[in-house]
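What follows is a single structure, written as structure tokens, with notes after it.
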Amino acid sequence: MAGKRYQVEPGEEFREQIWERGHLTALQMFRIAAWKSARGLASLTLNSEKAIRGSTAAAITTIRPWRKSDVICGEVDWSDWLETVATAIGSKRDRRGLLALEGFGYPMASAFLSFLAPGAFPVIDRWTVQAVYGASVASKPGIWQRSSAYAHFAEQLASRRTEFPEAPNIHRLDQAVMNKAIGCKHGNRPCDCFRSWPVALPTPS
């Protein structure tokens with residue numbers, strides 16, 4: 001249970017307000033960012049209202065077809081999913097998508113997608129990456145902070161949904177994995193906390 005009010009995930013009414021508006025205000029961006037991680041909020045203030053509105057509106061438009069999707073049940077076109085997240089999250093180097101905003105990295109960007117469409121997008125961060133791929137991969141953000149790795153990660157979570165029957169969607173599934181990983185006492189050594197994990201992360205083609 002989160003210890004601070006800002007660490008509590010915003011509710012459904014907050015989410016619906018964003019979908020109806022079609023973009024985030026600065027305050028809404030700060031609220032979601034604080035839920036993900038209170039660290040690094042200062043750099044978010046370097047973004048102009050225009051930049052926030054433009055980047056978040058484009059991301060919301062891109063993921064709108066996935067708004068009501070449930071990727072842990074039924075068939076999923078993972079190629080389309082990959083194209084969607086690659087466009088919405090974008091590239092820091094090319095100043096595209098959510099990564100064009102100051103203070104955004106891949107974990108933060110994935111948290112925004114996950115909050116807006118929790119049935120379609122998980123949060124990817126070092127804890128969940130460590131659980132799925134191992135500590136050596138988690139310690140190298142450049143390896144997993146890319147769209148193809150994010151898509152492979154989401155597929156891995158979805159394929160093991162039966163191991164976490166209490167999780168109603170892929171976002172709750174990533175939270176269950178994170179909580180279990182944080183509670184794991186084995187450190188960097190292999191353990192049996194997760195059946196059939198870790199797996200190898202495919203290298204970029």
Side-chain angles (χ1 to χ4, degrees), residues 7 9 29-30 32-47 51-52 55-56 58-59 62-63 71 78 81-118 120-160 170-171 173-184 186-191 193-194 197-205:
Q7 292 175 309
E9 184 173 352
M29 182 181 75
F30 297 150
I32 298 173
W35 155 65
K36 175 62 181 79
S37 174
R39 293 181 298 177
L41 286 177
S43 58
L44 294 177
T45 66
L46 299 175
N47 296 294
I52 293 169
S55 290
T56 61
T62 300
I63 68 170
V71 300
W78 289 107
W81 192 98
L82 170 58
E83 183 178 349
T84 296
V85 299
T87 301
I89 294 180
S91 165
K92 188 169 291 293
R93 181 187 61 190
D94 298 333
R95 305 294 295 175
R96 293 185 292 103
L98 291 174
L99 293 184
L101 294 171
E102 296 292 337
F104 268 71
Y106 229 92
M108 184 69 75
S110 73
F112 273 72
L113 298 193
S114 184
F115 173 71
L116 290 169
F121 307 109
V123 177
I124 187 171
D125 59 24
R126 66 186 181 93
W127 291 109
T128 48
V129 168
Q130 180 170 318
V132 176
Y133 301 111
S136 62
V137 173
S139 66
K140 301 172 183 176
I143 295 178
W144 55 268
Q145 292 191 18
R146 49 190 173 86
S147 58
S148 59
Y150 183 37
H152 187 266
F153 168 80
E155 286 191 71
Q156 287 294 313
L157 291 186
S159 69
R160 286 158 174 78
I170 197 167
H171 172 43
L173 203 160
D174 79 59
Q175 289 185 316
V177 170
M178 180 190 70
N179 291 334
K180 191 171 183 179
I182 291 174
C184 177
H186 295 77
N188 291 338
R189 294 183 290 111
C191 70
C193 292
F194 297 95
W197 283 341
V199 297
L201 177 61
T203 56
S205 56

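Position 1 is the first residue of the sequence; numbering continues from there.
A donor and an acceptor atom, one from each side chain of Arg160 and Gln156, are located under 3.5 Å apart. A side-chain N or O of Arg146 and one of Ser148 form a donor-acceptor pair less than 3.5 Å apart.
Remark: the backbone N or O of Trp127 is paired with a side-chain donor or acceptor of Asp125 at under 3.5 angstrom. One N or O on the side chain of Trp81 and one on the backbone of Ala120 form a donor-acceptor pair closer than 3.5 Å. Between the Thr128 side chain and the Ile124 main chain, no donor and acceptor come within less than 3.5 Å of each other. Panel note: side chain Arg126, backbone Ala138; no donor-acceptor pair is recorded below 3.5 Å. A donor-acceptor pair under 3.5 Å is absent between the side-chain atoms of Lys36 and the main chain of Glu9, judged by distance alone. Remark: the backbone N or O of Leu82 is not paired with any side-chain donor or acceptor of Tyr150 at under 3.5 angstrom.
Taking OG of Ser110 as the reference point, atom NE2 of His171 lies at 9.5 Å (rounded to 0.5 Å). Annotation: the span from Thr56 atom OG1 to Leu98 atom CG amounts to 7.5 Å, rounded to 0.5 Å. Summarising the geometry, atom CG belonging to Leu101 is positioned 6.5 Å from atom CD1 belonging to Ile52; distances are rounded to the nearest 0.5 Å. Between the CG atom in Leu99 and the CD atom in Gln145 there is a gap of 8.5 Å [rounded to 0.5 Å].
Smallest separation of non-hydrogen atoms from Ile63 and Ala88: CG2-CB, 3.8 Å. Nearest heavy-atom pair across Leu41 and Phe30 is CD2-O, 4.1 Å. Across all non-hydrogen atoms, the minimal contact from Ala158 to Trp78 is CB-CZ2, 4.1 Å. Between Ser43 and Gly103, the closest heavy-atom pair is OG-CA, 3.2 Å.
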Run the side chain to side chain contact (heavy atoms under 4.5 Å, CB included) test on Glu102 and Leu44 for me, step by step, so that the C-alpha distance in whole Å, both residues' side-chain angles and the decisive distance to 0.1 Å come before the verdict.
CA-CA 6 Å; Glu102 296 292 337; Leu44 294 177; over 6 Å; no

Carefully, step by step, assess Val137 and Gln130 under the rule side chain to side chain contact (heavy atoms under 4.5 Å, CB included).
CA-CA 7 Å; Val137 173; Gln130 180 170 318; over 6 Å; no

Evaluate Asp174 against Ser114 for side chain to side chain contact (heavy atoms under 4.5 Å, CB included), listing each step before the verdict.
CA-CA 10 Å; Asp174 79 59; Ser114 184; 4.1 Å; yes

Let me see the working for Ser55 and Phe104 under side chain to side chain contact (heavy atoms under 4.5 Å, CB included), right down to the final yes or no.
CA-CA 11 Å; Ser55 290; Phe104 268 71; over 6 Å; no

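Ring geometry for Phe153 against Tyr133 counts as tilted: the plane angle lies between 30° and 60°, on a 0 to 90° scale.
Phe115 and Phe121 have their aromatic ring centers separated by at least 6.0 angstrom. Between Phe112 and Trp35, the ring center distance fails the sub-6.0 Å criterion.
At least one side-chain heavy atom of Met29 sits under 4.5 Å from a side-chain heavy atom of Asn47.
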